[in-house]
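In this text the structure is predicted, and so the values were computed from the model without any measurement.
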Amino acid sequence: MEEIYRTESRRVFATLIRLLGDFDLAEEGLHDAFRAALEQWPEQGVPANPRAWLVSTGRFKAVDTLRRRARFDFVEDLDDRPHPAGDESADEGSPGDSVEDDRLRLIFTCCHPTLPTEARTALTLREVCGLTTEEIARAFLTAPPTVAQRIVRAKARIRDARLRYEVPERAELPARLDSVLRVIYLVFNEGYSASAGDSLTRADLSGEAIRLGRLLVELLPEPEAIGLLALMLIQESRRAARTTPAGDLVLLDAQDRSRWLHELIAEGTALVERALLAGPAGPYALQAAIAAVHAEAPVAGATDWAQIVGLYDLLLQREPSPVVELNRGVAIAMRDGPAAGLAVIDTILNRGELADYHLAHAARADLCRRLGRHAEARVAYTRALALTRQATERRFLERRLAELAA
């Protein structure tokens, strides 16, 4: 049951929203359906199509709830809709057959342009992927109550404005694309490098983001959608090499590249070329190009850092941000030496930016360590350790501190 909940719950939830037209009612129906499954499946056996059973059960549990609330007019409307078990294609959400995939439809609803940008992302991460408000808050570098408030207000606006649960018309898609891409990439990042917990990665989330990325490219093959899919595939190719068998973090330069999934690299690299040829390089296409340069190096020492710095220069022009500037500083350190990179990172931190971003302090600590400035390195590692809630990263930082103390 746990596996079915993990793999199917958000798909069931998306379909229930389509059928019921209400986030909270769909959430109630979802929980009622799984509660019924826990009671009935041990005796009756798991149905041939668990998702269809859960959708059907959740829908009719919701109808019963509405009847108890005496909302008969709405119930009659619901009863006129197709029975989900009789329309398995809708429940399965097959990405190859139609753009009318329930989860993609839900993403576009959550990313409606009438919602504030921050609310779009928070709502989608919560409702499409089931992240907690705490996980979303860490992805946003903001407070959990702020995220919770954004989600509540966004759901209220969708309800009060009676926004339609649908994939927009093709002519409307480009204007809606940027926020959707951002949401998908945040979902991928939470799966590729989990913000908290015992495991560094969450394959279910990154796999779902890639699935949605493929759907989006099929739906709207714009250069940035292609670039995002390329970026996710190339990053995903390194998953197995990012930790030891014991679950400890392995940095990029120390990874066993024979464990990288080269079929994903080949697919991602081809998509990078397609994105760059299709139009002016946007932020996702440029990040994918950077990932491709890393992937092309047979060993870490063969990495073309000059090309990577050049790509970061372009990225900083397209999307100026302190995080991009930080990554550029790390690349400069690899090209020109740790002192050059440290100067860039110190400039960012001295401006008061990224003060609560653990990777900025971890990067500074590493460059100080390489320069022999061990006291500064210990301070920076300690600050990074205080800011991270990811168990794998904590163990890595603790080992670095122990090495400096030895």
Side-chain angles (χ1 to χ4, degrees), residues 1-95 97-110 112 123-124 126-132 151-152 154-167 204 208 211-212 215:
M1 177 61 73
E2 182 178 346
E3 175 68 13
I4 291 176
Y5 184 86
R6 186 182 64 81
T7 59
E8 301 291 358
S9 62
R10 303 325 291 177
R11 293 183 174 92
V12 171
F13 177 65
T15 300
L16 286 173
I17 291 178
R18 170 167 60 80
L19 295 170
L20 300 169
D22 183 274
F23 281 90
D24 294 333
L25 190 60
E27 191 79 43
E28 287 183 40
L30 173 71
H31 294 312
D32 285 343
F34 272 97
R35 190 177 298 112
L38 282 171
E39 294 171 355
Q40 297 178 32
W41 289 4
E43 294 181 2
Q44 301 175 7
V46 178
N49 189 335
R51 189 189 306 172
W53 190 97
L54 291 163
V55 168
S56 178
T57 301
R59 175 179 182 268
F60 287 106
K61 291 284 187 181
V63 169
D64 288 341
T65 297
L66 291 176
R67 285 199 174 101
R68 287 195 300 272
R69 296 173 185 171
R71 293 169 63 179
F72 296 110
D73 290 342
F74 186 43
V75 170
E76 289 174 3
D77 291 340
L78 284 173
D79 286 340
D80 288 338
R81 300 182 189 188
H83 191 296
D87 183 13
E88 292 191 4
S89 63
D91 294 335
E92 292 299 328
S94 174
D97 298 336
S98 170
V99 300
E100 297 302 309
D101 175 85
D102 281 333
R103 301 200 75 185
L104 188 60
R105 191 169 13 221
L106 179 56
I107 277 195
F108 274 103
T109 302
C110 293
H112 197 280
L123 183 64
T124 306
R126 177 69 189 96
E127 303 300 348
V128 178
C129 300
L131 272 66
T132 66
I151 292 171
V152 169
K155 289 163 73 171
R157 184 173 296 189
I158 289 172
R159 181 189 65 244
D160 295 344
R162 298 184 180 275
L163 300 182
R164 298 191 64 177
Y165 175 73
E166 63 184 5
V167 176
D204 55 333
E208 182 60 29
R211 188 186 80 88
L212 292 170
L215 279 169

Nearest-0.5 Å distance, CZ of residue R18 to CZ of residue R103: 13.5 Å

Which is it for V128 and R10 under the side chain to side chain contact (heavy atoms under 4.5 Å, CB included) test, yes or no, and what are the steps along the way? CA-CA 6 Å; V128 178; R10 303 325 291 177; 5.8 Å; no

Can you tell if the side chain of D64 reaches within under 4.5 Å of the side chain of R67, non-hydrogen atoms only? yes

Dump the intermediate steps for side chain to side chain contact (heavy atoms under 4.5 Å, CB included) on M1 and V46, then the final yes or no. CA-CA 9 Å; M1 177 61 73; V46 178; over 6 Å; no

Just wondering, are more than 12 heavy atoms of other shown residues or ligands nearer than 6.0 Å to CZ in R164? no

Would you give the length of the straight line joining atom CD1 of I17 to atom OG1 of T109, rounded to the nearest 0.5 angstrom? 8.0 Å

Any Lys/Arg nitrogen of E127 or K155 sitting under 4.0 Å from an Asp/Glu carboxylate oxygen of the other? yes

Is it the case that atom NZ in K61 sees more than 12 heavy atoms from other parts of the structure closer than 6.0 Å? no

Could you tell me whether the side chain of F23 reaches within less than 4.5 Å of the side chain of I151, counting heavy atoms only? no

Measure the spacing between CD of E27 and CG of L20 and express it to the nearest 0.5 Å. 12.0 Å

Straight-line distance of T57 OG1 to R35 CZ, nearest 0.5 Å: 12.5 Å

Counting only N and O atoms by type, is there a donor-acceptor contact under 3.5 Å from the side chain of Y165 to the main-chain atoms of L19? no

Nearest 0.5 Å, what's the OH-CG distance between Y5 and L54? 11.0 Å

If I take atom OG1 from residue T15 and atom CD from residue E8, how far apart are they, to the nearest 0.5 angstrom? 9.5 Å

When every non-hydrogen atom of W53 is compared with those of A33, the smallest separation belongs to CZ3-O, 3.7 Å

